Number of protein chains: 2
Amino acid sequence: MSHTLGPRQSQKQQTRQSLLDAGLRLLEHQGLSSLGLREVTREAGLTPSGFYRHFPDLPAFGMALVEESFGSLRTMVRAIRSEQADADEVIDRSIDVVARYVHEHRARLRFLIRERHGGVRPVRDAIAARIRQFADDLADDLAAQPQSAGWDQADLRMLADLYADHTVTTVAALLEADGDRDTEQRIVATARRQLRLISIGRRHWLDT
Amino acid sequence: MSHTLGPRQSQKQQTRQSLLDAGLRLLEHQGLSSLGLREVTREAGLTPSGFYRHFPDLPAFGMALVEESFGSLRTMVRAIRSEQADADEVIDRSIDVVARYVHEHRARLRFLIRERHGGVRPVRDAIAARIRQFADDLADDLAAQPQSAGWDQADLRMLADLYADHTVTTVAALLEADGDRDTEQRIVATARRQLRLISIGRRHWLDT
DNA sequence: TCATTCAGTGAACGACTGTGCTCTGAATTC
DNA sequence: GAATTCAGAGCACAGTCGTTCACTGAATGA
């Protein structure tokens, strides 16, 4: 399996990537359903017909963008999952991870947040499936924690959904801040306190 | 002010409304930025050029859709605001209001949820402003409740944001259920318990 | 070395778009 | 009742779109 791609294959992959990058660049300011094939190839600097060497049509291109976008986010998801305990310090670090990724992967996150409820059904479904997977994993992580003793499975899932949705909402809010540091700081501070309140609710959930 | 519109004015308003309705109908399955002028007039059953008698261009039409959509939602917002205490029964009734509105105003809510992070900046801003207003009002309501004694203003605002975001997330999830009663019931049940957990967190917020 | 593969080009097509213009006929105004 | 207004129809325009197809020339494999 140590096959180094020849110049032809590697050039092809590079062009494919430049199409995806061009797409994400354009999608920062518009919806996927209004993205044109010619528009993408123009931005990527190749001929309209060249597009078909890489994707059968635009819907397939959209799905490829979902793959591409989630691909480079895997490390963020892992970082967040590994830190879901309820100590305040852990909350702070989780939010920091999110805030950092919003800066480093702005275009990808904007695309996912936008198309999560966007006009293209298969894309919506693919994004929903990934987020559900994230919440599933989170539920497992929570179940393994000592403070979850006595919790039934449905309630753990409920809590995992709350965490997952809160993360998504925070990402969306940070994107809407559009780089304004003050606004971002306000959002981060609010998100921290919200997570803290949720932690308190969690701690007293079984009190009756 | 008891002026009954003449047949001409009332006919005009009726046509305008049929344009808005046609737009919302089309937008259940696509994004605003891909909506065409001819497409709307075709759906509404009038000539493309007739469009200009009612709106200067498509962006203005989009903004009018935001107004239209929020207009008929005012009663929902009021119903939710008036019920934000933390008794379980009140939580149940709030969620019921939301679930009912998702059925009664599906097209309008879908439009708002979709375009909240959609590709048209002015529309996004207008929707954000309305939701912010909702959270502002909610913060005032919360401040007036006895259980908010000792809370500082920023934390009340934080809690109001959490409630508001949770409502939006729940609406979005219900829309994605696409009318499937079982899925809807699962979402409603989860949302209820999440609100309950938040209420518990609220009750113990000042414990230290 | 020579035949084959294939990523990318460039021209052409039919369909569709937003917008401007003139026209019509019913509601309005005097 | 005559003059005016104006919502909507109908047509024309220039431009863009997605897709097709024959092509070129460099990488590939025998």
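Throughout, protein chains are lettered first and strands after them, A, B, ... in sequence-line order, and every chain is numbered starting at 1. Because the structure is predicted, anything quoted here is derived from the model rather than measured. What's counted below: heavy atoms across the whole structure, side chains too, no hydrogens, waters or symmetry copies.
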Interface limits on DNA chain C, where chain A has a heavy atom under 4.0 Å of a nucleotide atom: dT5(C) to dA12(C)
Residues from residues 43-59 of chain A lying under 4.0 Å of DNA chain C - heavy atoms: L46(A), T47(A), S49(A), G50(A), R53(A), H54(A)
Residues from residues 19-39 of chain A lying under 4.0 Å of DNA chain C - heavy atoms: R38(A)
Position toward the 5' end of DNA chain C (nearest nucleotide), P7(B) or R42(B): R42(B)
salt_bridge(D178(A), R121(B)) N-O dist < 4.0 Å: yes
For H105(B), ring-ring contact (aromatic ring centres under 6.0 Å, His included) partners two or more places apart: Y101(B)
Compare every heavy atom of [Y] with every heavy atom of [X], then report the nearest pair and how far apart it is.
X	Y	value
S34(B)	E39(B)	O-OE1, 3.8 Å
I80(A)	T167(A)	CD1-CG2, 4.2 Å
L19(B)	F61(B)	O-CZ, 3.4 Å
A177(A)	T183(A)	CB-CG2, 3.8 Å

With R124(A) via salt bridge (Lys or Arg N to Asp or Glu O under 4.0 Å) - residues at least two apart: E176(B)
Qualifying residues under salt bridge (Lys or Arg N to Asp or Glu O under 4.0 Å), relative to D137(B), sequence neighbours excluded: R81(B)
R202(B) and S148(B): side chain donor to acceptor below 3.5 Å: yes
Side chain R25(A), main chain V40(A), donor-acceptor under 3.5 Å: no
